[in-house]
There are 2 protein chains.
Amino acid sequence: MRSDLDLKARQTLKSAKLYCTAGRVAVLKALFKADKPLTQEEITGQLGQNHFDKVTIYRTLESLLKVGVVHQAFVKNRARHFELSHNCSETQCHPHFTCTSCGKTHCLTDMRMPKAQGRHRGFIIHRQQTRFEGLCPACA
Amino acid sequence: MRSDLDLKARQTLKSAKLYCTAGRVAVLKALFKADKPLTQEEITGQLGQNHFDKVTIYRTLESLLKVGVVHQAFVKNRARHFELSHNCSETQCHPHFTCTSCGKTHCLTDMRMPKAQGRHRGFIIHRQQTRFEGLCPACA
DNA sequence: AAAATATTTGCAACTTAGTTGCAAATTTGG
DNA sequence: CCAAATTTGCAACTAAGTTGCAAATATTTT
Ligand SMILES: [Mn+2]
Ligand SMILES: [Mn+2]
Ligand SMILES: [Zn+2]
Ligand SMILES: [Zn+2]
């Protein structure tokens with residue numbers, strides 16, 4: 001039983017010219033299913049039975065970062081958070097919202113911030129990310 | 001010899017109703033002098049002779065965060081970065097730029113991003129921060 | 001479908017960033 | 001100066017991430 005997600009993951013790896021391994025497929029599937037940036041721990045948690053060493057998870061995320069399949073979201077917590085780059089443009093990722101009360105982070109995928117592209121005082125901007133803080137619907 | 005900066009730091013602590021201690025004054029002075037967000041290590045480095053335990057620095061930064069004198073900037077590196085909140089509005093901090101080539105982070109203090117305030121799908125936005133990636137003048 | 005090659009994996013050991021408890025030192029207000 | 005409140009340094013600890021290396025797996029070649 002090779003699911004839809006499974007195929008999608010394999011396809012993604014293939015087009016990125018990455019070795020298609022069980023670990024990578026598993027990590028990608030976890031990220032496909034997620035609706036928010038995940039840490040290594042959260043990914044490992046999702047995998048459950050299908051366990052891979054945390055070093056492998058980190059190395060997988062690093063490969064996926066390098067080919068641009070995932071990117072890093074900046075979250076208030078200490079650990080790095082990763083998510084698929086899929087529904088972000090080349091130059092801009094959807095904003096993230098961190099609640100100052102409950103601490104949870106949400107993706108504001110339907111929100112577009114105006115882009116600052118090009119140059120500013122000699123800085124060539126390739127990509128921008130926005131972070132919000134405030135109160136989430138549950139805490140407001 | 002009690003310098004200008006020294007007085008400014010003491011004044012800041014006083015208005016924040018924080019105990020005015022040597023460590024806090026030293027940390028504040030380092031932040032006043034800095035033109036970019038600093039880590040605990042960088043602050044300790046600045047202090048040189050005038051040494052304080054890293055635990056003290058972290059606890060000082062925590063106090064300064066709580067009263068809003070400093071805030072945290074989100075930088076690509078692993079360590080937390082702090083800077084004065086001074087020339088940021090209540091709701092928005094100036095953007096930060098991280099160079100993908102040399103890795104350095106710069107404050108774009110003269111750049112204003114349009115504010116997304118109020119509510120979005122039930123999220124009450126209090127503050128926003130923008131991060132850019134690209135090439136700095138030195139690397140372009 | 002083997003064999004040869006290239007890449008990834010798990011393990012254990014390590015580093016780096018940050019935290020905690022507690023007694024001693026410092027600051028503040030009277 | 002005293003008493004109360006708060007901060008400090010130390011040592012020990014946790015959490016997040018990294019490194020080297022031999023064994024395992026994936027891809028390419030024959
Ligand atoms: Mn997201
Ligand atoms: Mn700044
Ligand atoms: Zn909340
Ligand atoms: Zn640069």
Side-chain angles (χ1 to χ4, degrees), chain A residues 2 6-7 9-30 37-45 47 49-67 69-82 103 105, chain B residues 2 6-7 9-30 37-45 47 49-67 69-82 103 105:
Chain A
R2 180 157 290 186
D6 220 289
L7 286 171
R10 284 165 200 286
Q11 188 46 55
T12 305
L13 289 167
K14 200 165 201 175
S15 11
K17 294 188 200 308
L18 288 174
Y19 272 44
C20 188
T21 67
R24 285 178 177 166
V25 171
V27 168
L28 262 181
K29 283 166 78 178
L38 300 178
T39 62
Q40 172 271 317
E41 276 226 70
E42 290 170 320
I43 293 170
T44 299
L47 269 43
Q49 288 286 51
N50 191 11
H51 182 273
F52 291 87
D53 194 274
K54 72 171 179 168
V55 180
T56 301
I57 309 286
Y58 278 121
R59 290 199 271 226
T60 293
L61 290 168
E62 216 54 57
S63 330
L64 294 174
L65 268 183
K66 191 150 54 189
V67 297
V69 169
V70 305
H71 62 192
Q72 211 183 321
F74 291 80
V75 174
K76 220 178 171 58
N77 322 356
R78 211 140 91 63
R80 297 169 73 186
H81 287 66
F82 302 87
T105 292
Chain B
R2 182 157 287 184
D6 218 290
L7 286 170
R10 285 166 200 285
Q11 187 48 53
T12 305
L13 290 168
K14 199 165 202 176
S15 9
K17 291 189 202 311
L18 287 174
Y19 272 43
C20 187
T21 68
R24 284 179 179 163
V25 171
V27 169
L28 263 181
K29 283 165 77 177
L38 301 178
T39 62
Q40 173 271 314
E41 277 224 71
E42 291 170 318
I43 293 171
T44 299
L47 268 42
Q49 287 286 47
N50 192 11
H51 182 273
F52 291 86
D53 194 274
K54 73 171 178 167
V55 181
T56 302
I57 310 285
Y58 277 123
R59 290 199 272 227
T60 292
L61 290 168
E62 216 53 59
S63 328
L64 293 173
L65 268 183
K66 191 150 56 189
V67 297
V69 169
V70 306
H71 62 193
Q72 213 184 319
F74 292 80
V75 174
K76 219 174 172 61
N77 323 356
R78 210 144 89 65
R80 298 168 74 187
H81 287 66
F82 301 87
T105 293

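In the text below, chain A, chain B and the rest are named by the order of the sequence lines, each starting its count at 1.
Between A/His51 atom NE2 and C/dC11 atom C1' there is a gap of 12 Å when expressed in whole angstrom units. In this structure, CD1 of B/Ile57 is placed 13 Å from P of C/dG18, rounded to the nearest angstrom. Atom CG in A/Leu64 sits about 17 Å away from atom P in C/dT7, given to the nearest Å. Between the P atom of D/dT25 and the CZ atom of A/Phe52 lies a distance of 11 Å, rounded to the nearest Å. In this structure, A/Tyr19 places its OH atom 5 Å from P of C/dT7, rounding to the nearest Å.
Annotation: of the two residues near DNA chain C, A/Lys54 and B/Glu62, the 5′-most nearest-nucleotide partner is A/Lys54.
A distance of 12.0 Å separates OG1 in B/Thr39 from NZ in B/Lys54, rounded to the nearest 0.5 Å. The line from CD1 of A/Ile57 to OG1 of A/Thr44 is 4.0 Å long, rounded to the nearest 0.5 Å. Taking CZ from B/Arg80 and NZ from A/Lys76, the interatomic distance works out to 8.0 Å, rounded to the nearest 0.5 Å.
Taking 4.0 angstrom as the limit, A/Arg24 places a side-chain polar atom (N or O) nearer than this to OP1 or OP2 of C/dT8. Applying the 4.0 Å criterion to OP1 and OP2 of C/dT26, one finds that B/Thr21 has every side-chain N and O outside that range.
In this structure the side chain of A/Leu38 never reaches within 4.5 angstrom of the side chain of A/Phe82, judged on heavy atoms.
Proximity note for B/Tyr58 (side chain, C-beta onward) versus C/dT9, D/dT19, C/dT19: the nearest is C/dT19. Of the candidate nucleotides C/dA12, C/dG18, C/dA17, C/dA12 has the atom lying nearest to any side-chain atom of A/Val55. Among C/dC11, D/dG9, D/dA16, the nucleotide with an atom closest to any side-chain atom of B/Arg78 is D/dA16. Comparing atom distances between the B/Ala79 side chain and each of D/dA11, C/dG18, D/dA16 picks out C/dG18 as nearest.
Side-chain atoms of A/Asn77 never come within 3.5 Å of backbone atoms of A/Ala79 as a donor-acceptor pair (strictly under, hydrogens ignored). Of the possible donor and acceptor atoms, one in the side chain of A/Arg24 sits under 3.5 Å from a partner among the backbone N and O of A/Tyr19. Counting only distance, with no hydrogens or angles, the side chain of B/Thr56 and the backbone of B/Phe52 share no donor-acceptor pair below 3.5 Å.
Judged by atom type and distance alone, A/Arg59 reaches the base of C/dG10 through a side-chain donor-acceptor pair under 3.5 Å.
End-to-end axis angle of the helix from C/dA1-D/dT30 to C/dG30-D/dC1, using five pairs per end and rounding to 10°, comes to 50°.
B/Gln40 comes within contact range of no nucleotide atom at all, as no heavy-atom separation falls under 4.0 Å.
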